[in-house]
Novice: 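Structure in structure tokens, see below.
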Amino acid sequence: PVPTVDPSAQRIFHNGVILTMNPDQPQAQAIAITGEMIEAVGSDADILALRRPGAIVVDLQGRTLMPGFVDPHTHIFNDAEQYLDMTVLEAQQVALENGITTIGDMYVNEDFLEDMQKLDRAGGLQIRTSLYLVMTDNCGDLQGDWWQQYTPTRTPGERLRIGGVKIFTDGGTCEEPALSYELEPGAGTGDLFHSQEELNGLVAEAHSAGYQVAIHAVGDRAIEQAQNAIAAALGGQPNTLRHRIDHNSVIRPDLLPRYGEIGILPLVFGPYPLCEPFGPPPPAEYQAWEWPWRALLDANPGLPVAWHGDDPFFGRIRPLDDLYSLVTRNEIGRDGRVCEAPEWQKAHTITAAEALPMMTINAAYALFRDEEVGSLEPGKYADLIVLTGDPVTIDPEAIRELNVSLTVIGGQVAYCAADSQSLCPSSD
């Protein structure tokens, strides 16, 4: 079972770089934690002045402390046994060692839901986990109405919650994605799993019942259909349930501004598949459509665009690899080798300062966790990691050399690297 945290225990981390993901206070030198919660963030002098008798003070020695990574679309738990040859607890440990503190598990049937509830009741769940219940499977087949028995939860601090439901609109796992162009002559462009009317009905049903909808859409035709379905369900009202479109791999230019116009949350991959390509590269005239994250951000200022890892299907379970790919567009393969991006894909790079909110506070927003985690602010849970360097200021190529030294969830040390024991507060 996960040990509890003394609610009166105080820990102070100082003499480092604190990346808060809070736009009102982007950086600091120190942070104070009391029990599970963040007490204060500020300068070394201000935070050390808060020190109480018995407090544990940790010298970061210039390292970088930031919020834990939030992966709002992953399969490391539901596919742990089949794809990773691990138990859920073993997969959780891998995630903790790589700085992941919150996830959304995106393929949950009733049996797996019950397994996760048992794990949570037994005290084995450390990572904050949101479960998304399948309305349709990866081939678009309806899975019945079982999900209606489990209403979404929003209790602050809960380790396990029902996040919403998931709908597949096109392939990528079962069939070819629904694209407007052919990857090679005669290959076809993939079929949509539902008509527009059918998808509108599925989204409207979940929306009216109060569920957040996460829609798998890879190709541009599926993205357009998903945008239409969410717009129809909203009927011109704000997207208060934070309906999402996940993957968004091929975006026609005319679809880019529609996310912000409708208020839809887009979730996107980090690495473009270079080490193990899905197929031939797109024709030159369509290269601007492929994973166009630079254009997506530029077309939707202020929209909380989020990253997702979709592990274990892409590379290693290591968000720092994905950060490296977002900033350089190179991919790090499963074996650790670097696959160089072509020039047309490098046109889609974003900066580390843009990517990190996508991997923390924006991703937390996609899970309705942004009032709890995702940024380092007083009153939020102390879910944080310590890195060996500052990803914002180092050379982009050096990001892939960074490592996680410490992972803390709710004030409790969940992982401490063997070479970083001096950073790890004593147990309660």
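Sequential numbering from 1 along the given sequence is applied to the chain's residues. Owing to the predicted nature of the structure, the values given are computational and were not obtained by experimental measurement.
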Novice: To the nearest 0.5 Å, tell me how far Ile385 CD1 sits from Thr101 OG1.
Specialist: 7.5 Å
Novice: Partners of Phe313 by side chain to side chain contact (heavy atoms under 4.5 Å, CB included), sequence neighbours excluded?
Specialist: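 Checked Phe313 against side chain to side chain contact (heavy atoms under 4.5 Å, CB included); matches are His75, Asp79, Tyr83, Asp310.
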Novice: Would Arg161 count as a cation-pi partner of Phe368, with NZ or CZ less than 6.0 Å from the six-membered ring centre and within 45° of the ring normal?
Specialist: no
Novice: Does the side chain of Arg244 pick up a donor-acceptor pair with the side chain of Asn239 at under 3.5 Å?
Specialist: no
Novice: Do Gln212 and Tyr132 have side-chain atoms, one donor and one acceptor, less than 3.5 Å apart?
Specialist: yes
Novice: Any ion pair linking Arg159 and Asp120 (charged N to carboxylate O, less than 4.0 Å)?
Specialist: no
Novice: Working to the nearest 0.5 Å, report the span between CG of Asp111 and CG of Asn78.
Specialist: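 Here the rounded value is 12.5 Å.
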Novice: Is the closest side-chain heavy-atom distance between Leu60 and Ile18 below 4.5 Å?
Specialist: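 Yes. Closest side-chain heavy atoms under 4.5 Å.
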Novice: Are His216 and His73 an aromatic pair by the rule of ring centers under 6.0 Å?
Specialist: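 Here the rings of His73 and His216 have centres that are no less than 6.0 Å from each other.
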Novice: Nearest 0.5 Å please: distance from the CD1 atom of Ile103 over to the OG atom of Ser130.
Specialist: 8.5 Å
Novice: Taking NZ in Lys118 as the centre, count heavy atoms belonging to other residues, nucleotides or ligands within less than 6.0 Å. Is the count above 12?
Specialist: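 Counting other residues, nucleotides and ligands, NZ of Lys118 stays at 12 neighbours or fewer.
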Novice: Anything under 30° is parallel, anything over 60° is perpendicular, the rest tilted; go ahead and classify Trp293 against Trp291.
Specialist: tilted
Novice: For Gln117, is the CD atom crowded, meaning more than 12 foreign heavy atoms sit under 6.0 Å from it?
Specialist: yes
Novice: Which residues pass the side chain to side chain contact (heavy atoms under 4.5 Å, CB included) test with Gln421, not counting sequence neighbours?
Specialist: Cys416
Novice: With a 4.5 Å heavy-atom cut-off, do Gln92 and Met86 have their side chains touching?
Specialist: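 No, side chains not in contact.
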Novice: Quick check: do Asn98 and Thr407 have side-chain heavy atoms less than 4.5 Å from each other?
Specialist: no
Novice: Hey, would you say the Trp307 and Phe269 ring centroids sit under 6.0 Å apart?
Specialist: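 No, the ring centres sit 6.0 Å or more apart.
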Novice: According to side-chain hydrogen bond (donor to acceptor under 3.5 Å, both in side chains), who are the partners of Asn403, at least two apart in sequence or on a separate chain?
Specialist: Arg318
Novice: Using the ring of Tyr365 (Phe, Tyr or Trp, six-membered ring only), decide whether Arg242 places NZ or CZ under 6.0 Å from its centre and within 45 degrees of its axis.
Specialist: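 Yes, a cation-pi geometry holds between Arg242 and Tyr365.
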Novice: List for me each residue that meets side chain to side chain contact (heavy atoms under 4.5 Å, CB included) alongside Asp115, sequence neighbours excluded, and say none if there are none.
Specialist: none
Novice: Counting C-beta onward and ignoring hydrogens, is there a side-chain heavy-atom pair between Ile38 and Ile31 closer than 4.5 Å?
Specialist: yes
Novice: Quick one: does Met21's side chain get under 4.5 Å of Asn362's, heavy atoms only?
Specialist: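 The answer is no, as the side chains (C-beta and beyond) never meet within the 4.5 Å cut-off.
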Novice: How long is the straight-line distance from CG of Leu199 back to OG1 of Thr136, given to the nearest 0.5 Å?
Specialist: 9.0 Å
Novice: Looking only at side-chain N and O atoms, does Asn248 offer a donor or acceptor that is under 3.5 Å from a partner on Tyr259?
Specialist: yes
Novice: Taking side chain to side chain contact (heavy atoms under 4.5 Å, CB included) as the definition, give me every residue that meets it alongside Thr328, ordered by chain and number, with sequence neighbours left out.
Specialist: Tyr324, Asn330, Pro396, Glu397
Novice: Is it true that the side chains of Glu110 and Gln143 contain a donor and an acceptor less than 3.5 Å apart?
Specialist: no
Novice: Would you indicate whether Asp395, at its atom CG, is surrounded by more than 12 heavy atoms from other residues, nucleotides or ligands within a distance under 6.0 Å?
Specialist: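 Yes, the 6.0 Å shell around CG holds more than 12 heavy atoms from other groups.
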Novice: What do the steps show when you test Arg258 against Asn228 for side chain to side chain donor-acceptor pair (under 3.5 Å), and what is the final call?
Specialist: CA-CA 10 Å; Arg258 292 193 75 208; Asn228 292 341; 3.0 Å; yes
Novice: Just by distance, with hydrogens left out, do Glu331 and Tyr272 show a side-chain donor and acceptor under 3.5 Å apart?
Specialist: no
Novice: To the nearest 0.5 Å, what is the distance between CG on Asp6 and CZ on Arg11?
Specialist: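 Answer rounded to 0.5 Å: 8.5 Å.
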Novice: Check this for me: does any side-chain nitrogen of one of Asp383 and Arg128 sit under 4.0 Å from a carboxylate oxygen of the other?
Specialist: yes
Novice: Less than 4.5 Å apart, any side-chain heavy atom of Tyr107 and any of Asn138?
Specialist: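 A side-chain contact exists here, since the closest heavy-atom pair is under 4.5 Å.
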Novice: Got a second to check how far Glu205's CD is from Leu202's CG, nearest 0.5 Å?
Specialist: 7.0 Å
Novice: Is it true that Lys380 and Glu372 make a salt bridge, defined as a side-chain N closer than 4.0 Å to a carboxylate O?
Specialist: no
Novice: Can you tell me if Ser43 and Asp46 form a side-chain donor-acceptor pair at under 3.5 Å?
Specialist: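 A pair is found: one side chain offers a donor N or O, the other an acceptor, under 3.5 Å apart.
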Novice: Under 4.0 Å between a Lys/Arg side-chain N and an Asp/Glu carboxylate O for Glu158 and Arg369?
Specialist: no
Novice: Could you please spell out the steps behind the salt bridge (charged side-chain N to carboxylate O under 4.0 Å, His left out) verdict for Glu354 and Arg294?
Specialist: CA-CA 10 Å; Glu354 292 170 319; Arg294 173 77 272 148; 2.8 Å; yes
Novice: Would a 4.5 Å heavy-atom cut-off, applied to side chains only, mark Asp322 and Phe314 as touching?
Specialist: no
Novice: May I have all residue pairs that pass side-chain hydrogen bond (donor to acceptor under 3.5 Å, both in side chains) and include part of residues 24-35, sequence neighbours excluded?
Specialist: Thr34-Glu39, Thr34-Arg52
Novice: Does some side-chain heavy atom of Leu267 sit less than 4.5 Å from a side-chain heavy atom of Pro72?
Specialist: yes
